[in-house]
Amino acid sequence: MSIKVILEKCNGCKLCVKSCPYQAIKVFEKKAIIEANCNLCGACVEVCKSNAIVIEDKRKIEDTSGYNGIWVFTEQRNKNIASVVYELLGEGRKLADSLGTYLAAVLLGKNIKDGTDKLIGHGADKVFLVEDDLLKDHLDDAYAQVMVDLINQYKPETVLFGATVVGRSIAPKIAAILKTGLTADCTGLEIDLKNRLLLQTRPAFGGNIMATIVCPNKRPQMATVRPRVMKKLDFSSSRQGEIIKFEPKNLSSKINVLNFVEDLTEKVKLEEADVIVSGGRGLGKADNFKLIKEFASLLNAAVGASRAAVDAEWIPYSHQVGQTGKTVCPKLYIACGISGAIQHLAGMQTSETIVAINKDPDAPIFSVANYGIVGDLFEVVPVLISKLKETRCS
Ligand code: FAD
């Protein structure tokens, strides 16, 4: 795609300059100039009253009619299927039913066929099962190769991945090989039934607006979806499904795994925790996370953090909650010294009960909190800790 200004028509009115969210347009000698940071969003085309800006789309429009089915990539480690896979199957079930098509899970690995029952029990009509020695560990290039071969053969209309480290790494590889679109980090999926399009919603512009993205000319439509956003279906052993075995051909990898080192920074996994105690910049220094850790351990909770605390290197990134960290949905989320910036809320506001401790009564976190304590966390948290200890002793 390319954008151009028809100079004869441009009258230098600057409406395009005001409309551009990327500040990619300048007016020089009463003519608009589009700069390199333009991302072809089309906002300027819409506002230009003299039709002086045009976007030319020279891409070939593909025949998308032969594509069918909603697929979910099954992320697994040591045969443990990631819980986001079941969430995607729950959402995929709704999408497939509204389109009148099938829902499939794609399971890659070695000695993993036991996983097929779980995938069918959680909603899949079909499981594509691919087993090979080389697929024992997750190797991006080998996994991507198999996914591309499967997609080329069976032509699904949509393929969904968890927006996890694995999903965020493999999905762009596959999309690039297939030359199709990929929407990262979706928080909502719907179907435009008339055009059979996947409406992919995700936060944009630093989380300040929600954008809905479509992929009209290419297939499959691909998206990564944030964990803990979609709802799982309850497991039912009565669900029936078909298992399709696929033999990979000429499988190879440039990666040689020497060793795996377990991440020991998290005792309780944030995304799976029922209770999370998070600390922010209000803690003042790294050492003060001890207080949060003590509070969390008494509640058998995971420790979370705001990006400010992570950026200050008070705690590793694996603890970050929010738009560029993890999305969590615990039963109880306790925010200590966190202001409640929109990017933090994006990762925790669906928690069942939110408790905020902040000395500023106007902190935005209180607008999403079920219970708010206005006070100094260094006074409030020690009181809560000693009450919890008392309860344990009695
Ligand atoms: P602050 O905003 O500085 O708030 C500190 C709070 O602590 C204040 O409300 C203050 O009143 C309170 N406080 C201070 N001392 C005490 C005390 N003694 N007792 C009680 N309260 C006290 N942020 C995230 O968290 N996660 C993300 O994933 C994320 N992604 C981002 C992505 C983008 C593209 C951008 C632009 C920003 C992102 N941010 C993210 C950053 C976000 O905008 C905020 O800057 C950040 O969340 C602020 O962290 P904070 O609340 O800890 O710090």
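One-based numbering, in listed order, for ligands and for the atoms of each.
Taking every heavy atom of Gly322 and a limit of under 4.0 angstrom, the matching atoms of ligand 1 come to 26 (N), 27 (C), 28 (O). Those atoms of ligand 1 with a heavy atom of Ala341 less than 4.0 angstrom away are 42 (C), 43 (O), 44 (C), 47 (O). Heavy-atom proximity to Asn358, at under 4.0 Å, picks out these atoms of ligand 1: 6 (C), 7 (O), 8 (C), 9 (O), 10 (C), 11 (O), 12 (C), 20 (C), 21 (N). Close contacts of ligand 1 with Gln323, meaning ligand atoms under 4.0 Å from a residue heavy atom, involve 27 (C), 28 (O). Of all atoms in ligand 1, numbered sequentially from 1 with element shown, those under 4.0 Å from a heavy atom of Ser306 are 25 (O), 49 (O), 50 (P), 52 (O). Remark: ligand 1 atoms within the under-4.0 Å shell around heavy atoms of Phe378 are 18 (N).
Closest heavy-atom approach to atom 30 (N) of ligand 1 among the candidates Leu345, Thr324, Ile365: Thr324. Considering Gln320, Glu379, Arg307 only, the shortest heavy-atom separation from atom 31 (C) of ligand 1 involves Arg307. Proximity annotation for atom 25 (O) of ligand 1: of Gln343, Arg281, His344, His344 comes nearest, heavy atoms only. Of the candidates Gly337, Ala309, Ala356, the one placing a heavy atom closest to atom 6 (C) of ligand 1 is Gly337.
The 12-atom threshold is exceeded at NZ of Lys155, counting heavy atoms of other residues, nucleotides or ligands nearer than 6.0 Å. When the shell of 6.0 Å around NZ of Lys173 is examined, it contains more than 12 heavy atoms from other residues, nucleotides or ligands.
Of the heavy atoms in Ser339, both backbone and side-chain atoms come closer than 4.0 Å to ligand 1. Only the backbone of Val321 comes within 4.0 Å of ligand 1, counting heavy atoms alone; no side-chain atom from C-beta on gets that close.
With rounding to the nearest 0.5 angstrom, the CZ atom of Phe128 is 13.5 Å from the OG1 atom of Thr116.
Taking the six-membered ring for Trp and thresholds of 30 and 60 degrees, His138 and Phe73 have ring planes more than 60 degrees apart, a perpendicular arrangement. Ring planes of Tyr154 and Trp71: tilted class, angle from 30 to 60°.
Between Lys26 and Glu35 there is a salt bridge, since a side-chain N of the basic residue sits under 4.0 Å from a carboxylate O of the acidic one. Checked for salt-bridge contact, Asp137 and Lys110 miss the test: no charged N lies under 4.0 Å from a carboxylate O.
Residue Gly280 has no nitrogen or oxygen atom sitting less than 3.5 Å from a nitrogen or oxygen atom of ligand 1, judged on distance alone. Taking only nitrogen or oxygen atoms, main chain and side chain alike, Gly325 reaches within less than 3.5 Å of ligand 1.
Ligand 1 has Gly375 within reach: a non-hydrogen atom of the residue lies less than 4.0 Å from it.
The stretch residues 75-86 participates, sequence neighbours left out, in no salt bridge (charged side-chain N to carboxylate O under 4.0 Å, His left out) pair at all.
Judged purely by distance below 3.5 Å, without hydrogens or angles, the side chains of Asn370 and Thr353 never pair a donor atom with an acceptor atom.
Residues Ala184 and Thr224 come closest through the heavy atom pair CA-OG1, 3.2 Å.
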